[in-house]
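Residue numbers begin at 1 in each chain, while the letters A, B, ... track the order of the sequences. Every heavy atom of this structure was used, including side-chain atoms; hydrogens, water molecules and symmetry mates were not.
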Number of protein chains: 2
Amino acid sequence: MTIREVAKRAGVSISTVSRVLNERPNDYMREDTREKVLQAIEELNYIPDRRAQSLRGGKTGIIGLIAPIRLNPFYVELSYAIENVCYKEGYGILVCNSKGDINRERTYIDLLVRQKVDGIIITTAGLKKGDLDELISRGITVILADEDVLEANTPAVFANNHLGACQATQYLIDLEHERIAFITGPLTVLSGRDRLKGYLDTLKKNSLEVDKSIIKKGNYTYSKGYSATQKLMRGGEGKFTAIFCCNDLMAFGAIRALQDNGKKIPQDYSIIGFDDMYFSSISNPQLTTVAQPVDKMALKVFKAFKREISDRPPLKKVHVLLDTKLVIRESCRKLR
Amino acid sequence: MTIREVAKRAGVSISTVSRVLNERPNDYMREDTREKVLQAIEELNYIPDRRAQSLRGGKTGIIGLIAPIRLNPFYVELSYAIENVCYKEGYGILVCNSKGDINRERTYIDLLVRQKVDGIIITTAGLKKGDLDELISRGITVILADEDVLEANTPAVFANNHLGACQATQYLIDLEHERIAFITGPLTVLSGRDRLKGYLDTLKKNSLEVDKSIIKKGNYTYSKGYSATQKLMRGGEGKFTAIFCCNDLMAFGAIRALQDNGKKIPQDYSIIGFDDMYFSSISNPQLTTVAQPVDKMALKVFKAFKREISDRPPLKKVHVLLDTKLVIRESCRKLR
DNA sequence: GTGAAAGCGCTAACAC
DNA sequence: GTGTTAGCGCTTTCAC
């Protein structure tokens, strides 16, 4: 079922078929010719081959998405937000779960290059400017999502992690909490550092002292949230009344650790997370958290991609910073 | 960066380059020629174009995955299990979230046909044998996962839903529960019907009466789990001591509904789910459930795919049925 | 308005 | 052993 067969059936040449397929503005043709072709297409159930189309200079209509998806469930939220806008725009999306493994990331990039995808949306686990430049030199548009790359000359879209951390911290303070423990994200990644800074800045802004003994290193995993909270408990139960966890998954770990110590949430301790994954809305207790604007992120990412592949892409690569939003549910309470 | 440039740099013809690229068994060549080519490839950082390769009769190396992913989070488990085996085998996976919408499914199928994917792994929301046959006639291998299509002449892989439901029901009975409520899945889908049957059969096997008033219709969503449980409560609190929910998501809804009525799990009611999603292992309480063998399913699906695209695909299309496994956690207790 | 033909990057049959 | 060439399915000049 090729364009040739359609041409034969319609009694025209293949270029005519191609013309009706592509509908260019200044391409005039007799209406009955078009009809004939359309009918032949219909009858043969013909669907053009995108590989062949793209080989002749066109686009593949595929976008690659690379992210540490299963590491942090937040990325399944983000990936499906992106899938959704790609669907609406007629793009296919090749999903590459890097698991945070740089080798896996590179293997996937190789696959995407082979497939000549139109673009790659990536939350990288450690790629550098040079890696990105090579991709770009291959004609593949790269959009950074949620994680920056130093000096990268390509568009990037983030949630305002600093703002989010400020919102969370301030909320706890407004609830009269003064000793707020903090479980960090990995400090190797932008979001981790920004969230820490937001916490610190908000404490300072409210003239609250920073107590390093209630700041624990985390890595966005459930088990780390659990173990960090255990450490917190061993460090002295009275040293804090609330915990701000740098993502929801760790917050669940924290809640569990507290419960295992016979504590109740939010009666004994208030817990706030970050991300707002789907499960945070149905967990017990439902988690108060900072929502990342995933849908908006997906949209902005896609728009950046479109702009980049347009005839005249902007020289100045945008860095979009999207506002987060506090979502109040059940895991925090007013202290007194 | 094409094969031509590599050839020029290595001082050989393009067919020689093609030969070293493809390494056929009976293709001999001088070692130094191969070396030269390899070096040129290396120096130019050449990566062959899969579109062009596949156009010339080859495979695209892409598999499409269609499933109602965000409808039931179980499918995110399944999809990443599949992604994982595809990764290992060098396949790219085009993820298509149908949301259970047949139109979306069809649009995606069109996209996958255009992209000339090697195969489609599908959990369909309503495609019929005819739709599948058309795909197959287009040279696209179709593998059914988790959901059957009547009389379809293509391989299929399922979890043994009947067995799973038996395991869950029997477990509750072993815990001395005799009045076990049941929240069904959609009865339009295979898994829904089989799970119901497993429940009914096990009741009968244990000479327990079926009480239709404690069997409620569900649809695999959280909110339905919640509302069905509310109905159950209004029907009479004493009429049941346990609820078997046809998937984990509804189980969470049920737990919530019970808690909103001031009940405790598992003290007041035992709850068992089905699927074993990641979140079930970290929820409060951690959910006792029936685990679907997702990794094994993914493997079997992939193997069926490979067999189908092999030189001599089996005429008889296999139906693989995989055993489920009871995962005991915290949401059930012995009645007395 | 429509058709013929070149060529996208590659593989494979056939020469040499 | 290696090169030449046709052709995969399509788009796009360039003729007519």
Side-chain angles (χ1 to χ4, degrees), chain A residues 1-38 40-41 44-62 110 112-118 138-140, chain B residues 1-38 40-41 44-62 112-118 138-140 311:
Chain A
M1 228 166 318
T2 73
I3 197 171
R4 227 169 298 273
E5 299 177 44
V6 176
K8 202 195 296 176
R9 177 155 198 132
V12 298
S13 76
I14 60 166
S15 26
T16 301
V17 177
S18 177
R19 272 187 202 103
V20 351
L21 246 33
N22 294 297
E23 301 241 20
R24 296 188 184 297
N26 287 1
D27 239 18
Y28 299 106
M29 67 195 322
R30 259 202 259 116
E31 200 42 50
D32 59 325
T33 312
R34 159 180 273 100
E35 289 298 333
K36 272 191 304 186
V37 173
L38 251 18
I41 289 177
L44 293 175
N45 221 325
Y46 166 74
I47 297 181
D49 185 330
R50 199 69 142 89
R51 294 170 306 177
Q53 291 181 312
S54 71
L55 201 55
R56 193 66 183 72
K59 299 288 180 182
T60 53
I62 303 185
D110 187 88
L112 295 178
V113 169
R114 272 174 214 281
Q115 295 291 357
K116 286 278 184 296
V117 296
D118 297 338
R138 288 197 134 98
I140 297 181
Chain B
M1 230 168 315
T2 73
I3 198 172
R4 229 168 295 274
E5 298 177 45
V6 176
K8 202 195 296 176
R9 177 154 196 134
V12 299
S13 76
I14 59 166
S15 34
T16 300
V17 177
S18 177
R19 271 187 205 102
V20 351
L21 246 33
N22 294 296
E23 300 239 21
R24 283 176 201 305
N26 287 0
D27 240 20
Y28 299 105
M29 69 194 321
R30 258 201 260 115
E31 201 41 50
D32 59 324
T33 312
R34 159 179 274 101
E35 290 298 331
K36 272 191 305 188
V37 173
L38 251 19
I41 289 176
L44 294 175
N45 221 325
Y46 166 74
I47 296 181
D49 184 329
R50 200 67 143 92
R51 294 171 306 176
Q53 291 181 313
S54 71
L55 201 54
R56 195 61 184 70
K59 300 287 180 182
T60 53
I62 304 185
L112 295 179
V113 170
R114 272 174 213 282
Q115 295 291 355
K116 286 279 184 295
V117 295
D118 297 337
R138 289 196 132 99
I140 296 181
D311 294 333

Rounded interatomic separation in angstrom, taking NZ from Lys36(A) and C1' from dT2(C): 10 Å
Straight-line distance of Thr16(B) OG1 to Arg34(B) CZ, nearest 0.5 Å: 11.0 Å
Touch class at under 4.0 angstrom, heavy-atom based, for Arg19(A) against every strand present: base
Listed nucleotide nearest any side-chain atom of Tyr28(B), set dG3(C), dG1(D), dG3(D): dG1(D)
Phosphate OP1/OP2 of dT11(D) contacted by Ser18(A) side-chain N/O (<4.0 Å): yes
Side chain of Ala52(A) - closest among dG9(D), dT2(C), dT2(D): dG9(D)
Residue-phosphate contact under 4.0 Å: Arg24(B) side-chain N/O, dT11(C) OP1/OP2: no
Selected nucleotide, minimal atom distance to Leu55(B) side chain, candidates dC8(D), dG3(D), dT2(D): dC8(D)
Donor-acceptor under 3.5 Å (Gln115(A) side chain, Thr60(B) main chain): yes
Nucleotide dG9(D), atom C1' - distance to CZ of Arg56(A) in whole Å: 12 Å
For the student: nearest non-hydrogen atoms of Thr33(A) and Val12(A), plus distance: CG2-CG1, 4.0 Å
Nearest heavy atoms of Arg50(B) and Lys59(B), plus distance in Å: NH1-O, 2.6 Å
For atom CG of Asp49(B) and atom C1' of dC10(D), their distance in whole Å: 14 Å
Between C1' of dA4(C) and CD1 of Ile3(A), the distance in whole Å: 14 Å
Ser15(B) vs dT4(D): side-chain N/O to OP1/OP2 distance below 4.0 Å: no
Under-4.0 Å side-chain N/O to phosphate OP1/OP2 contact, Arg30(B) with dT2(D): yes
Atom pair distance, as rounded to whole Å: CG in Asn22(B) and C1' in dA13(C): 14 Å
Lys36(A), NZ atom: more than 12 neighbouring heavy atoms under 6.0 Å: yes
side-chain N/O Ser13(A) vs dG3(C) OP1/OP2, d < 4.0 Å: yes
Nearest-angstrom distance from the residue atom CD of Glu5(B) to P of dG9(C): 8 Å
Flag, side chain of Asp49(B) to backbone of Arg51(B), donor-acceptor distance under 3.5 Å: yes
Sugar-phosphate only, base, or nothing, as touched by Thr33(A) at under 4.0 Å among non-hydrogen atoms: sugar-phosphate
Distance in angstrom units between Gln115(A) CD and dG9(C) C1', rounded: 14 Å
5′-ward residue of the pair Arg34(A)/Ile14(A) relative to DNA chain C: Arg34(A)
Most 5' of Met29(B) and Gly57(B) on DNA chain D, judged by nearest nucleotide: Met29(B)
Nearest-Å distance for atom pair CD1/P, residues Ile41(B) and dG9(C): 16 Å
Check: Arg50(A) side chain, dG9(D) base, donor-acceptor under 3.5 Å: no
